[in-house]
Each structure stands twice: as C-alpha cells, then as structure tokens.
**Q** 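Okay, here's the structure, questions in a sec.
Every heavy atom of this structure was used, including side-chain atoms; hydrogens, water molecules and symmetry mates were not.
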Amino acid sequence: CPGCRVTFSLSAEGPKMVTSGDLISMDPKTVPVLDNIPIIKLWEGQKVVLEATAEVNYGKEHAKWEPTLACGYKEFPVITISEKCDGCGKCVSECPRDVLEIADGKVSIRVVNGESKEKDCSMCRLCETACMDSEIGDESAIKIDADSTRFIFVVESDGSLPVKEIIERALLHIKSVSTDLIDALQEGL
C-alpha cells in the first residue's frame, strides 16, 4: 500500500563519496538511520542518478526486513581452579579472551570494574590444555564447564530498532504463539 512505502531520490556528481545523507526522502518523517553510510565513491566526471523505494515489511516475509544482524546464546561458563594450581601462568598466557590472571601466586579469574570476566570465557579449553602441558599431574588444575541453567544471550541490531525493543517484540510473539498452542491443545482434549 502507499502508506507502507517511501520513495527516495539521489543525484550526485563526482568526485565525492555518496552517502545515505545524500538521499532525499519524499516523506520528511522517513529518513535513513545514519547519514554517513557509504553508497558509492564517484570519481571526476562520474554521476549517479537513482530512485529507491523503502518498504515496511516483516522478517517473516524476507530476511532483508529483519532488524537483527546477529543473534545467539551460549551456556554460562564456569571456571574452577583447584588447589593443585602452582601458579605457573601457562593457562593465563593461553587464554584468548584475557579471562585469567595471576594474583598472590595463584591463577584467578580477572575482575574488571567490579565485574568478573568469567562470562567472557569462550570455553575453548586452551587453559586446560596448557595446564596439562605443565605436567602438574594426571588432571588439569583448571576446569571449564557450563552452567546449563544460565545463558548469555547476544543480539545485534541493524539500527532500525533498539535491541531492547527487538527482544520485547520477540517475547511478545513467543507468548502469542504459546497461547495459540495452548488453546489448540485444549480444544483437542
């Protein structure tokens, strides 16, 4: 419908970097999220003239309308350092996420601004391997596990909606679908 789309026009001559700020909207209330998104670099003597249409739609129809660029979760990492740790530091140097440190001659989980870095652990277990390579014994003094009752959830927005709103809308959708399922199951009983 005409209320669901907006036309943009653009006319530019080089030399210049043409950006989203050069787009002219037929509806002043509808503008690009950012003005500095590069579209094309024009050299001397080059020109671009175009007309583009922005359309309101849903990610259910096509992925190009999804406001989320990346979304994922992992179980919360749990790092346990036993008393067998001799503070050699091999596990600290192997950690790609800088989660571990040596404090008072022992390996410990780093704390930055009052917050434990344990959640930053990728669970790669390179620290366990390094500890075993130090010939401390038959088992590593550091153990990486996952807490299956806690999760780290990551959502990255394309800027069209704030992350909080994306999550709230997703939860409302899940609630709606769950309610529909419950209703359908109760009708079948």
Side-chain angles (χ1 to χ4, degrees), residues 17-21 31-41 57-179 181:
M17 173 59 75
V18 180
T19 65
S20 53
V31 295
V33 175
L34 300 171
D35 287 341
N36 61 349
I37 300 170
I39 296 174
I40 189 170
K41 185 174 185 174
N57 216 314
Y58 297 93
K60 189 174 183 177
E61 295 295 320
H62 194 283
K64 66 184 170 190
W65 287 300
E66 290 181 4
T68 306
L69 297 176
C71 181
Y73 74 95
K74 69 175 183 176
E75 291 178 329
F76 196 90
V78 177
I79 303 170
T80 309
I81 303 164
S82 76
E83 292 298 318
K84 292 183 353 180
C85 176
D86 61 5
C88 72
K90 287 184 178 181
C91 58
V92 175
S93 60
E94 282 295 316
C95 181
R97 299 270 179 100
D98 204 23
V99 173
L100 304 171
E101 67 181 358
I102 303 234
D104 300 324
K106 292 279 186 184
V107 173
S108 63
I109 300 165
R110 286 185 67 226
V111 175
V112 177
N113 297 327
E115 189 176 327
S116 169
K117 298 278 286 175
E118 186 172 32
K119 68 177 176 45
D120 294 339
C121 176
S122 65
M123 296 190 276
C124 65
R125 294 189 163 78
L126 289 173
C127 55
E128 288 182 356
T129 304
C131 186
M132 287 303 295
D133 289 346
S134 70
E135 299 175 11
I136 195 167
D138 290 342
E139 71 180 53
S140 176
I142 188 165
K143 182 98 171 106
I144 307 298
D145 285 312
D147 181 349
S148 62
T149 65
R150 297 171 65 196
F151 297 92
I152 297 172
F153 195 67
V154 179
V155 177
E156 184 179 335
S157 171
D158 66 1
S160 61
L161 288 176
V163 170
K164 184 177 179 182
E165 188 173 343
I166 292 170
I167 293 171
E168 287 171 350
R169 286 186 182 197
L171 291 172
L172 287 173
H173 178 71
I174 291 170
K175 182 179 178 183
S176 168
V177 171
S178 299
T179 303
L181 176 62

**Q** Mind listing the closest non-hydrogen atom pair of S140 and M132 along with its distance?
**A**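 Heavy atoms only, the tightest pair is N-SD, 3.1 Å.
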
**Q** Do F151 and K74 have side chains that get closer than 4.5 Å, going by heavy atoms?
**A**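 When only atoms from C-beta onward are counted, K74 and F151 do not touch, as no gap falls below 4.5 Å.
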
**Q** Just verifying a value: how many Å separate S178 OG and H173 NE2, rounded to the nearest 0.5 Å?
**A**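 One gets 9.0 Å once the value is rounded to the nearest 0.5 Å.
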
**Q** At their closest point, which heavy atom of L161 faces which heavy atom of D158, and how far apart are they?
**A**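 Nearest pair, atom of L161 first, then D158: N-OD1, 4.3 Å.
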
**Q** For the pair D98 and K117, find out whether any cationic side-chain nitrogen is under 4.0 Å from an anionic carboxylate oxygen.
**A**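 No, no charged N to carboxylate O under 4.0 Å.
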
**Q** Working to the nearest 0.5 Å, report the span between OG of S82 and CD1 of I142.
**A**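 Going from the OG atom of S82 to the CD1 atom of I142 covers 9.0 Å.
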
**Q** Under 4.5 Å between any side-chain heavy atoms of R110 and D120, yes or no?
**A**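 Side chain of R110 against side chain of D120, heavy atoms only: no contact under 4.5 Å found.
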
**Q** So for atom NZ, which belongs to K41, do other residues, nucleotides or ligands contribute more than 12 heavy atoms lying within a distance under 6.0 Å?
**A**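 No, the 6.0 Å shell around NZ holds no more than 12 heavy atoms from other groups.
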
**Q** Quick check against the 3.5 Å criterion: does D104 have a side-chain atom that pairs as donor or acceptor with the backbone of K106?
**A**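 Checked: no pair found.
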
**Q** I need the minimum non-hydrogen distance between I81 and S108, along with the two atoms involved.
**A**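 Distance-wise, the nearest heavy atoms are CD1-CA, 3.8 Å.
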
**Q** Sequence neighbours left out, what passes ring-ring contact (aromatic ring centres under 6.0 Å, His included) with F153? Give chain and number order.
**A**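 F153: no ring-ring contact (aromatic ring centres under 6.0 Å, His included) contacts found.
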
**Q** Working to the nearest 0.5 angstrom, can you tell me the gap between E94 CD and E128 CD?
**A**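 That separation rounds to 12.5 Å.
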
**Q** Please report the interatomic distance CD(E66) to CG(N57), rounded to the nearest 0.5 Å.
**A**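 Spacing of CD (E66) from CG (N57) equals 11.5 Å.
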
**Q** Please answer whether the main-chain N or O of E115 pairs with a side-chain N or O of N113 as donor and acceptor at a distance below 3.5 Å.
**A**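 It does not hold such a pair.
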
**Q** Which heavy atom in I102 sits nearest to a heavy atom in C88, and how many Å separate them?
**A**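 The pair with the smallest heavy-atom distance is CD1-C, 4.3 Å.
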
**Q** Side chains of E118 and V78: does their closest heavy-atom pair fall under 4.5 Å?
**A**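 Yes, side chains in contact.
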
**Q** Where the side chain of T19 meets the backbone of D35, is there a donor-acceptor pair that is under 3.5 Å apart?
**A**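 Present.
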
**Q** Heavy-atom distance under 4.5 Å between the side chains of K90 and C131, does that happen here?
**A**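 No. Closest side-chain heavy atoms not under 4.5 Å.
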
**Q** If you round to the nearest 0.5 Å, how far is CG of D145 from CZ of R125?
**A**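 It comes to 6.5 Å.
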
**Q** If you measure from CD1 on I79 to SG on C121, what distance do you get to the nearest 0.5 Å?
**A**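 Result: 4.5 Å between the selected atoms.
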
**Q** Under the side chain to side chain contact (heavy atoms under 4.5 Å, CB included) rule, collect the residues that match up with P32, sequence neighbours excluded.
**A**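 Scan of P32 (side chain to side chain contact (heavy atoms under 4.5 Å, CB included), adjacent residues dropped) gives F8, S20, L23.
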
**Q** If you take all heavy atoms of S157 and G159, which pair is closest and at what distance?
**A**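 The pair with the smallest heavy-atom distance is OG-N, 2.9 Å.
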
**Q** Are the charged groups of E139 and K143 less than 4.0 angstrom apart, N to O?
**A**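 Salt bridge: no.
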
**Q** Return the minimal non-hydrogen interatomic distance between V155 and C71, and the atom names on each side.
**A**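 Minimum heavy-atom contact is CG2-SG, 4.2 Å.
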
**Q** Would you say the side-chain atoms of T68 pair up with the backbone N or O of A70, donor to acceptor, closer than 3.5 Å?
**A**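 Here the side-chain-to-backbone pair does not exist.
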
